[in-house]
Number of protein chains: 2
Amino acid sequence: MAGARAIQKEKTRQAIIEAALSQLTAEHGFSNLSLREVAREAGIAPTSFYRHFSDMEELGLTLVDECGVTLRQLMRKARKRIEKKGSIINTSVETFMEFTQQNANIFRLLLRERSGTSTAFRDAILREINHFKDELTDYLLNESDYDHDTAYALAEGLVTLVFNAGADVLDLPAKKSRLLKQRLIRQLQFIVIGAAVIHKKEQNDG
Amino acid sequence: MAGARAIQKEKTRQAIIEAALSQLTAEHGFSNLSLREVAREAGIAPTSFYRHFSDMEELGLTLVDECGVTLRQLMRKARKRIEKKGSIINTSVETFMEFTQQNANIFRLLLRERSGTSTAFRDAILREINHFKDELTDYLLNESDYDHDTAYALAEGLVTLVFNAGADVLDLPAKKSRLLKQRLIRQLQFIVIGAAVIHKKEQNDG
DNA sequence: CAATCCGGCGTACAACTGTACACTTAACTA
DNA sequence: TAGTTAAGTGTACAGTTGTACGCCGGATTG
C-alpha cells in the first residue's frame, strides 16, 4: 500500500523543512526563525506544525541530520574524484566549495549555527563535524605512518580551515571567493607539509 | 566642569552595555537579545534605552568596538610576554586563552556572532578580526623574508585556528580545554613550519 | 458500509515585542 | 535666580509570538 495519507504527510513535512531552510539567510539565523513564519511559508496553519515536530528545536535537529547526509555525499564524491584525478588538496577544496554553494542553506546552518544555540542543537552539529574529522583522521592513518594524535591534530586543522573558508565564501562575490580558495589551498599545503616535516624529524630524533 | 549629568549618562550607558554583555550566553546570541530585557537588567525603563542608542544594532556595534579594544590589549600583552619569554606560539596561545576566559562574554560576541547577524554587525566584527590578521602579517613580514601574500596566508591560517579554538574553549570543561590547547599548539607549529619549508624550497627553485 | 483515525484548520489567549507620546525633575545656562 | 535642556518614567498601542482546544472531512481500517 502506498498510503495516500502517509505520502501527503511526508510531503508537508518536507515543505516545512524546505521552508525553514529557505529562511536561513546571512542575516537570519536559525534561532530567530519563528514557528509561525515557517508554517506560513510552508503553506500550513501554525498549529499544523505540531503534527510533524513537537518543537522548533526538533525541526532544527532534523535539519542537522539533513546536513549529515549532505556531508556524507560530499565525502563520497570527493573520494571518487581524488581516485580519478589525484591532487588531494585541490580536488577536496574544489568539491567542498561546490557543495557549499549548491547547498548554501544547509551549509549556512552547519557552518553558522555551530555555536550560539541550544545545547542539543550545538552538540548535533559538532557531532557531524567530528564525524568529518574522524573520517579524515582514518584516511590519514591509512595513507601515512602518523600516530593517532598527530593524524587527528592534522585532520582537525584541515577541517577547521576548510569549514571556516566555506562559511566565509557563502556570502562573497565570485571574484573574492576565488582568491579565498587559493589562499585556503596554500594554507592546507602549509599544514600538511609542516606535519610531514615535523613527523619525519621526530622519527629521526627518536 | 565635571558635568554631573554627563557622568550619570555615561554610567547608565555602561549599565546598558554590561547588561547586554551579561545576557550573551552560550545559548543566547546577540540577535535574540531584546531591548526590553536589556533595559530591565540595566535598571531603566525600556524607553530610556533610546536616550543612549537608537537601535539594538547600534548597541551591537558599540559592543564590537569594545571587542576591538580588548583585542588590542590582548595583542600588546602578548607582544610584551613574547619579548620576555620567547616561545612565540606557546606564549600567544596562553595569552589568547587567558583573555578569552577573562572576557568570556566579549569573546562570545566576537567569536560566535561573526556570522549570522546584520550586515553592519558582521562587517564590524570582520574588521576587527582582519585588523588582527593584518597586525600578524606585518609582524611576519618584519621577522622573515616572506612576500606579502605568503605572510598573509600564513597569518590568516594562524588566526583562523586560534579564534576557532577560542570559540570552542569558551564552554568547555578545564580538562578538555587543556587538550584542545595542546592540539592547537601543534597545529600552529605545523602551519608555521610548513610555510617556512615551502618558502625555502620556492626560493631555491627560483 | 460503518467506525475510527488523524492531518489540517480556526479561534482564542496570554505573553512579549518595539516604540510613540506626554510627563516629571534634576542639572545646566545665562 | 529664572528659563531651558535632557535623562528617565509611565502609559498606551499595534504587532508578533507559542500553543491549548475543539472541530472538520478525507483516508484507513474492520
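The model shown is predicted, which means the values in this text are computed figures rather than measured ones. Numbered from 1 within each chain, the chains take letters A, B, ... in sequence-line order.
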> Can you check the B:Glu10 CD to C:dA27 P distance for me, whole Å?
Replying inline: 18 Å
> What is the distance, rounded to the nearest whole Å, between atom CZ of A:Arg13 and atom P of C:dG8?
Replying inline: 12 Å
>> I need the minimum non-hydrogen distance between A:Ala165 and A:Leu180, along with the two atoms involved.
In response: CB-CD2, 3.5 Å
>> Once you measure the plane-to-plane angle for A:Tyr146 and A:His199, does it fall in the parallel (<30°), tilted (30-60°) or perpendicular (>60°) bin?
In response: perpendicular
> Taking NZ, NE, NH1 and NH2 as the nitrogens, is one of them in B:Glu18 or B:Arg13 under 4.0 Å from a carboxylate oxygen of the other?
Replying inline: no
>> Given B:Arg108, which partner from the list B:Thr100, B:Asn103, B:Asp171 fulfils the side chain to side chain donor-acceptor pair (under 3.5 Å) test?
In response: B:Asp171
>> Are B:Phe107 and B:Phe163 an aromatic pair, judged by ring center distance below 6.0 Å?
In response: no
>> Between A:Ile17 and A:Phe53, is there a side-chain heavy-atom distance shorter than 4.5 Å?
In response: yes
>> Could you tell me how far apart B:Lys11 (NZ) and C:dA27 (P) are, to the nearest whole angstrom?
In response: 12 Å
>> Can you measure A:Lys9 atom NZ to C:dC6 atom P for me and round it to whole angstrom units?
In response: 9 Å
> Which pairs, with at least one residue in residues 53-77 of chain B and sequence neighbours excluded, count as a salt bridge (Lys or Arg N to Asp or Glu O under 4.0 Å)?
Replying inline: B:Arg72-B:Glu128
>> Measure OH/B:Tyr50 against P/C:dC21 and give the value in whole Å, please.
In response: 13 Å
> Which ones in residues 31-44 of chain B lie close to DNA chain C, meaning a heavy atom under 4.0 Å from one of its atoms?
Replying inline: B:Ser34, B:Leu35, B:Arg36, B:Glu37, B:Arg40
> Of all of residues 51-59 of chain A, which get a heavy atom below 4.0 angstrom from DNA chain C, listed by number?
Replying inline: A:Arg51, A:His52
> Between B:Phe121 and B:Phe30, is the gap from one ring center to the other below 6.0 Å?
Replying inline: yes
>> If you compare every side-chain N and O of A:Thr47 against the phosphate oxygens of C:dG8 (OP1, OP2), does one of them come in below 4.0 Å?
In response: no
> Quick one: on DNA chain D, does B:Arg5 or B:Pro46 contact a more 5' nucleotide (nearest heavy atom)?
Replying inline: B:Arg5
>> Just N and O in the side chain of B:Ser48: are any of them under 4.0 Å from OP1 or OP2 of D:dT9?
In response: yes
> How far apart are the closest heavy atoms of B:Pro46 and B:Leu35, and which atoms are they?
Replying inline: O-CD2, 3.6 Å
